[in-house]
Amino acid sequence: MVSLLTSDSSSSSAGDGILVVPICGMGGLGRKTLAQLVYNDERVVKHFEVRAWVYVSEDFDLIRLAKAIIESVTGSAFYLTNLDTIQDSIKKALKEKMFLLVLDDVWNENCNDWDVLRAPLMVGARGSRILVTTRSQRVSSMIGTVPTHSLPGLSDDDCWSLFIRRAFAEGNSDAQPNLAMISKEIIKKCNGLPLAVKTLGGMLRYKLDVVEWEQS
């Protein structure tokens with residue numbers, strides 16, 4: 001992912017030089033965590049002149065998002081509410097600069113809204129990147145200019161390894177064999193979702209009653 005964002009040889013299929021890289025997966029799979037790791041990677045920090053992070057969510061209000069972009073880019077509050085004015089400010093702030101913009105948790109599947117949001121970003125220098133996290137394969141297909149990075153669920157072995165580190169002191173399940181047996185059934189309910197594994201493991205860490213574990 002870091003190589004894709006920082007490689008000069010990577011180019012957009014649209015020919016505009018701005019790649020849109022989608023990270024797609026179910027809730028709890030770690031889309032945001034991966035994006036944060038990439039965003040804060042030393043190589044990424046050094047590569048881009050400007051980095052900005054905007055949380056999108058289901059409320060795809062173009063004025064709100066445009067304001068969030070300019071505020072993240074400049075680090076200053078922006079009080080105007082006219083979309084054209086805000087977009088002009090984005091253009092001025094990003095013109096001929098190599099930037100990385102993360103749009104976190106995108107749900108909107110309306111391509112017209114996406115075109116409006118993206119328009120002022122096209123002034124950036126070649127090599128600029130937009131990283132998008134989403135649960136929707138339709139969103140990934142609509143806005144991505146490179147293949148989607150789809151996050152799979154954890155394997156059973158990885159779920160077990162993560163769970164015992166959370167649920168047992170010092171990650172040692174041997175001292176409580178009865179609870180260890182129940183853990184296998186608990187892990188199956190998590191469907192490979194690391195967030196669910198971590199949450200349940202943390203909840204059960206200080207519970208030694210077998211009944212409480214069986215009811216989880």
Side-chain angles (χ1 to χ4, degrees), residues 1-25 31-57 59-76 78 83-151:
M1 183 68 70
V2 170
S3 296
L4 179 61
L5 294 178
T6 60
S7 174
D8 292 333
S9 61
S10 299
S11 60
S12 169
S13 59
D16 51 34
I18 298 183
L19 264 66
V20 181
V21 182
I23 300 175
C24 186
R31 300 182 317 276
K32 183 172 184 174
T33 299
L34 175 58
Q36 287 174 330
L37 288 171
V38 171
Y39 185 80
N40 293 312
D41 187 279
E42 183 179 354
R43 293 162 292 178
V44 171
V45 173
K46 290 181 178 179
H47 184 78
F48 293 98
E49 296 178 72
V50 178
R51 292 179 306 132
W53 184 293
V54 172
Y55 178 62
V56 180
S57 77
D59 178 22
F60 200 91
D61 181 275
L62 286 168
I63 293 177
R64 178 184 71 83
L65 293 176
K67 285 183 65 176
I69 290 172
I70 189 60
E71 289 178 348
S72 184
V73 167
T74 63
S76 301
F78 195 89
L83 182 59
D84 290 337
T85 302
I86 302 171
Q87 288 183 321
D88 285 342
S89 298
I90 294 174
K91 290 178 181 178
K92 292 177 182 177
L94 295 179
K95 187 175 182 180
E96 299 181 356
K97 292 182 180 178
M98 189 183 297
F99 68 85
L100 169 64
L101 170 64
V102 176
L103 297 175
D104 182 33
D105 199 25
V106 178
W107 291 70
N108 192 316
E109 298 176 354
N110 186 317
C111 60
N112 292 327
D113 286 345
W114 167 247
D115 288 342
V116 173
L117 182 67
R118 185 180 60 167
L121 304 173
M122 307 314 290
V123 301
R126 186 168 184 82
S128 295
R129 304 288 188 252
I130 301 173
L131 182 62
V132 175
T133 73
T134 181
R135 301 184 189 192
S136 169
Q137 287 288 349
R138 289 186 63 181
V139 169
S140 294
S141 300
M142 178 183 73
I143 67 180
T145 61
V146 296
T148 298
H149 185 84
S150 298
L151 294 181

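No experiment lies behind these values; they were computed from the predicted model shown.
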Under 3.5 Å donor-acceptor, [X] side chain and [Y] backbone:
| X | Y | answer |
| --- | --- | --- |
| Q87 | V116 | yes |
| K67 | F78 | yes |
| T74 | I70 | yes |
| T145 | L19 | no |

Measuring from [X]:[atom1] to [Y]:[atom2], what's the distance to the nearest 0.5 Å?
| X | Y | atom1 | atom2 | value |
| --- | --- | --- | --- | --- |
| W114 | I130 | CH2 | CD1 | 4.5 Å |
| I23 | R135 | CD1 | CZ | 14.5 Å |
| H47 | L100 | NE2 | CG | 9.0 Å |
| L103 | Y55 | CG | OH | 12.5 Å |
| E109 | F60 | CD | CZ | 11.5 Å |
| I143 | T148 | CD1 | OG1 | 8.5 Å |

Between [X] and [Y], what is the shortest heavy-atom contact and its length?
| X | Y | value |
| --- | --- | --- |
| M98 | S128 | CA-OG, 3.5 Å |
| V2 | T6 | O-OG1, 2.8 Å |
| L121 | I18 | O-CD1, 3.4 Å |
| N108 | V139 | O-CG2, 3.5 Å |
| I90 | A66 | CD1-O, 3.6 Å |
| E71 | S76 | CG-O, 3.2 Å |

Exercise. Within 45° of the ring axis of F48 and under 6.0 Å from its six-membered ring centre, is that where the NZ or CZ of R129 lies?
Worked result: no
If we only count heavy atoms from C-beta on, is the [X] to [Y] side-chain gap below 4.5 Å?
| X | Y | value |
| --- | --- | --- |
| H149 | L34 | yes |
| L117 | I69 | yes |
| C24 | V132 | no |
| M1 | L37 | no |
| D41 | L5 | no |

Problem set entry | Ion pair R31/D105, N-O distance below 4.0 Å | yes
For this session: Just do the side chain to side chain contact (heavy atoms under 4.5 Å, CB included) check on S136 and M142 with the steps written out, would you?
Result: CA-CA 10 Å; S136 169; M142 178 183 73; over 6 Å; no
For this session: Please report the C-alpha distance between N40 and R51 in whole Å, then the side-chain angles of each, then the deciding distance to 0.1 Å, and finally whether the side chain to side chain contact (heavy atoms under 4.5 Å, CB included) criterion is met.
Result: CA-CA 10 Å; N40 293 312; R51 292 179 306 132; 3.8 Å; yes
